[in-house]
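Single-structure report; data block below.
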Amino acid sequence: MAGRLHNRLAELDTPDHATDEEEIWSLIRLSLVILRIILFVAIILTSELMESYYLSNLSIAVWALVLGIPLFILISWGIVLGDRIIKNQADTGEETAVLRPIRERI
């Protein structure tokens, strides 16, 4: 058990070689996932607590569903689309000036 723990701690010291775009996307993705969870909880709470209040002849609970479900789907679609874009960029493996500086002048 101590050997496995030691190996895992040693793996944390090795660099992951992630590009700037991957690092930025991981932060944006984390914020979108947290926003999606908050939205889901807010939809449920609003639907349960606001059944007796009405806006334009519809209860606030119905409005929470009408607005919340498409928003949830839109955020989920954004996460999937961003993952695909980052994966495609990682697969192409293009060399840029930042990753590979000028080695020699011709």
Side-chain angles (χ1 to χ4, degrees):
M1 173 118 177
R4 284 191 292 171
L5 181 62
H6 181 65
N7 289 340
R8 287 188 180 186
L9 290 175
E11 288 176 3
L12 291 175
D13 291 336
T14 59
D16 61 352
H17 302 293
T19 63
D20 290 341
E21 291 87 7
E22 291 170 347
E23 292 287 333
I24 292 169
W25 172 245
S26 66
L27 292 174
I28 293 172
R29 186 178 196 282
L30 175 68
S31 62
L32 286 174
V33 168
I34 291 172
L35 180 66
R36 190 171 62 165
I37 292 169
I38 291 171
L39 179 68
F40 182 73
V41 171
I43 290 170
I44 292 172
L45 287 176
T46 306
S47 295
E48 292 296 324
L49 298 176
M50 299 290 184
E51 290 181 17
S52 61
Y53 299 103
Y54 289 89
L55 180 70
S56 298
N57 295 330
L58 289 175
S59 70
I60 301 293
V62 173
W63 281 111
L65 294 174
V66 166
L67 297 175
I69 292 174
L71 247 151
F72 185 85
I73 292 170
L74 185 67
I75 292 172
S76 300
W77 178 75
I79 292 170
V80 170
L81 184 66
D83 285 341
R84 285 184 186 171
I85 290 171
I86 293 297
K87 182 183 175 201
N88 287 340
Q89 286 179 355
D91 289 344
T92 58
E94 296 178 9
E95 291 188 5
T96 62
V98 176
L99 294 177
R100 306 285 185 248
I102 298 172
R103 295 184 184 134
E104 63 182 71
R105 293 187 184 257
I106 299 177

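For clarity, every value in this text was computed on a predicted model and none was experimentally measured. Sequential numbering from 1 along the given sequence is applied to the chain's residues.
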Exercise. Same cluster or not: are L71 and L65 linked, directly or through other Ile, Leu, Val, Met, Phe, Trp or Tyr residues, by side-chain heavy atoms under 4.5 angstrom apart?
Worked result: yes

Problem set entry | Chi angles and distances behind the side-chain contact (heavy atoms from CB on, under 4.5 Å) call for L32, W25 | CA-CA 10 Å; L32 286 174; W25 172 245; 4.3 Å; yes

Exercise. Of all heavy-atom pairs between A61 and E51, which one has the smallest distance, and what is that distance?
Worked result: CB-CG, 4.1 Å

Seminar exercise, completed: d(I79 CD1, L74 CG) to nearest 0.5 Å is 10.5 Å

Exercise. Under 4.5 Å between side-chain heavy atoms, hopping through other hydrophobics if needed: is there a path connecting L58 to Y54?
Worked result: no

Can I get a per-line list of side-chain donor-acceptor pairs under 3.5 Å for residues 35-50, giving both atom names and the distance, sequence neighbours left out?
residue, atom, partner, partner atom, Å
R36, NH1, S76, OG, 3.0
T46, OG1, A42, O, 2.7
S47, OG, I43, O, 2.8

For this session: Mark yes or no for whether W63, through its side chain, and L55, through its backbone, hold a donor-acceptor pair below 3.5 Å.
Result: yes

Problem set entry | Shortest non-hydrogen separation from I86 to E22 and the atoms involved | CG2-CG, 3.8 Å

For this session: Give a yes or no on whether I75 and V33 share a hydrophobic cluster (residues Ile, Leu, Val, Met, Phe, Trp, Tyr; joining criterion: side-chain heavy atoms under 4.5 Å apart).
Result: yes

Exercise. Which of these, N88, D83, L81, sits in a side-chain contact (heavy atoms from CB on, under 4.5 Å) with I85?
Worked result: L81

Exercise. Are I73 and V62 connected in a single hydrophobic cluster, I mean Ile/Leu/Val/Met/Phe/Trp/Tyr linked by side-chain heavy atoms less than 4.5 Å apart?
Worked result: no

